[in-house]
Amino acid sequence: MTGDLLSGVTAPPARVRVQLPLLLPEPYDYRVPGDMSLVPGSYVEVPLGPRRLFGVVWADGDWQGERVEERKLRPVMRAIDLPPMPEITRRFVEWVASYTMSPVGAVLRMAVSVSAALEDPRALTAYTRGEGEVPDDLRLTPARKRILEILSDGPPRLAADVAAEAGCGTGVVRGLAEAGVLTTVPMLALPRFPRPDPDANPKTLSGAQRLAAEDLTAKVSAGGYSATLLDGVTGSGKTEVYFEAVAAALRTGKQALVLLPEIALSAQWLDRFAQRFGVRPAEWHSEMAPPLRRHTWRAVAKGEARVVVGARSALFLPYPDLGLIVVDEEHEAAFKQEDGVIYHARDMAVARAHLGRFPIVLASATPSLETLVNAENGRYSRIDLPSRHGGASMPDVTLIDMRRKEQAPPARQWLSPVLREALSQTMLAGEQGMLFLNRRGYAPLTLCRGCGHRLQCPNCTAWLVEHRLSKRLQCHHCGYQAKSPDACPECEAEGSFVACGPGVERVAEEVATLFPDARIAMMTSDTLSGPRALREVIEQVKDGAVDLLIGTQVMAKGHHFPMLTLVGVVDADLGLAGGDPRASERTFQLLHQVAGRAGREERPGRVMLQTYMPENPVMQALASHDRDSFLAVEADQRRQLEMPPFGRMAALIVSGEDEGAVDAIAAALGRAAPRDREDLTILGPAPAPLAILRGRYRRRLLIKGPKTVSLQPILYDWLTRVEVPASIRVQVDIDPYSFL
DNA sequence: AGCACGCCGACT
DNA sequence: GTCGGCGTGCTC
């Protein structure tokens, strides 16, 4: 810049277009003070009405469109001293906005997700146990107890950190400080983000791993866009392989990003990374304390953080020289963002790699159909990692046909005699068992015996789930909670509630009755308040302090339990109901993952699936270990229906608090739909998968078209034909996850 | 996202 | 007669 000014060739533009992180249709123009030099991408603070906001200089003053009057311009207040947002990041923001049909500002908001990111540094407060006595009158609530425990040793920690680990709000931490039990100290030691060392501690790779790693490192070193599916079952060593790709990126001076579906729960992953590279990577996820987010954001922007591991939002950080993205567990539904800007992080990551001209690796043991089809038609290359032990360690999968009398459990119980017997044998042999049921709480539905009244969430179309451990009713969609009532709210009969169907708590109860001596541990998001609690349970299982583990999806993730030899799936059919073509794929992925927990190392494992539809292709594929022909059949069905990935699909979600108005707009959209085109199918309006969510009524329309047609312009045209009042929201979901 | 402006029910 | 509800629209 200075050079330009001195040479006098380029005068600083008098006006800049600034993109603000708001739902605005376009950037706003501002006047640039004479002594300020800005370039595209510069972060600036600008006035907007009575407020001051951070924004990004989106283009130079050579904008050819309609110009806002000179006298309306207000001056840029200040330029932020940070490297400008890279051009690729800005183009990526625009691309995502246009793909998802969202305002650019809405996407930019994700890229500068920390409003505080651009503010001046401020002192952080950390908390430590200190000298303060615990006063007698202080009620030691469970949350407070946990906090004191966490802070009993070790360095001072941030309130948000402690709260996350203790599973409570930051208020409890501050409250304890006010009561004098905790001491506050200024926090100086924020993470430094030392460079991970690609040569710190390289693992010895097996032959297949080495070949795979060489393939990937060659791609990373050469640069240029490529997409590679890394396909291998649990235990085949995918992580070690893509670590080598990360090492290659580090050696060529590039940044690397690893996207994980649930970063908060992957302490094990971080440990493995630290072991391989000597230091921890920079973490990025939405539960991080704001000061830490800000710190991390800046470290990424300045290029200090070389490897970032994060949830989907990490994709929007302003990397100055990103040279590799790895999407681990690429099939996971958690990559799909369902509110605000609706996007699939895996797909956006591929676009990001394409824009940045570097390789992307998609890793999974059960790849999504989308990715498999891309690999088959040559858009992606593919590396298959065979299991380390040949096929020998594959667990033996048995289907328990629950329709058969002798296999059905007694009334109000959920475990078949066959599974009970297997559990009993396993424990007698000194091995461990696991029961999986993807349903939190005691029972999915509670109703009144007297009048048949069902306990329903006041805000959503969902039953309230009874949680006996916390003695509360919970809505699993909006977070609504209430104390379990003593009497029926309808007929006022007392103690008339009956629980219908099993949840994990109920299965735990059954098991405790069946095996009174067994040491049972629960693993659900309700019992695990944070990463520390998770780690504790994992340690207990590893130490053999647990005989039987009962849990939901959180348990399905890759933990290595050498003594775990039996996995029982209480309701394998759960998730298949509803007829969504995606349901089979999803159920297969989940159950496959759960099955993978059984029998690792030298002990053979067995898996028992309780099902009422043993002939279902999902069950058959699991029993015969034949993933590929199952997916081939799935793919054929989708191809015939022209469903994704063989066709394109988008959803319009109409929502609002007034049911009548929502229906009216949904109907108007239905009438305005492009019905004149042979190649498009319009479905709906129909109640959306959750017809009422957080107090808003929801209707959904679907549009389906051939792969060759781009739906966005059609949707744009469609939406402009219907006038939507501000009280009603119409969201566009390109590539919806569920097809119904 | 804020914040002001503007048009219809219960208060001093 | 006002105070205030939040629907609608604007911010360079």
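Numbers restart at 1 for each chain; the letters A, B, ... are given by sequence-line order, proteins then strands.
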S.K.: Spell out protein contact along nucleotides 7-12 of chain C as letters: B when the base is contacted, S when just the sugar-phosphate is, - when no protein heavy atom is under 4.0 Å; keep the 5' to 3' order.
M.R.: -S--BB
S.K.: Would you call the rings of A:His476 and A:His467 parallel, tilted or perpendicular if under 30° counts as parallel and over 60° as perpendicular?
M.R.: perpendicular
S.K.: Specify the separation, in whole Å, of atom CD of A:Glu657 and atom C1' of C:dG5.
M.R.: 14 Å
S.K.: Parallel, tilted or perpendicular: which fits the ring planes of A:Tyr737 and A:His344, with parallel below 30° and perpendicular above 60°?
M.R.: tilted
S.K.: As a quick check of understanding, evaluate side-chain contact (heavy atoms from CB on, under 4.5 Å) for A:Leu669 and A:Val730, giving each step before the final call.
M.R.: CA-CA 10 Å; A:Leu669 279 166; A:Val730 178; 4.2 Å; yes
S.K.: Decide side-chain contact (heavy atoms from CB on, under 4.5 Å) for A:Ser738 and A:Arg582; before the verdict, give the C-alpha distance in whole Å, the side-chain angles of both, and the deciding distance to 0.1 Å.
M.R.: CA-CA 6 Å; A:Ser738 118; A:Arg582 177 89 80 185; 5.7 Å; no
S.K.: Quick one: are A:Phe358 and A:Ile88 in side-chain contact, heavy atoms under 4.5 Å?
M.R.: no
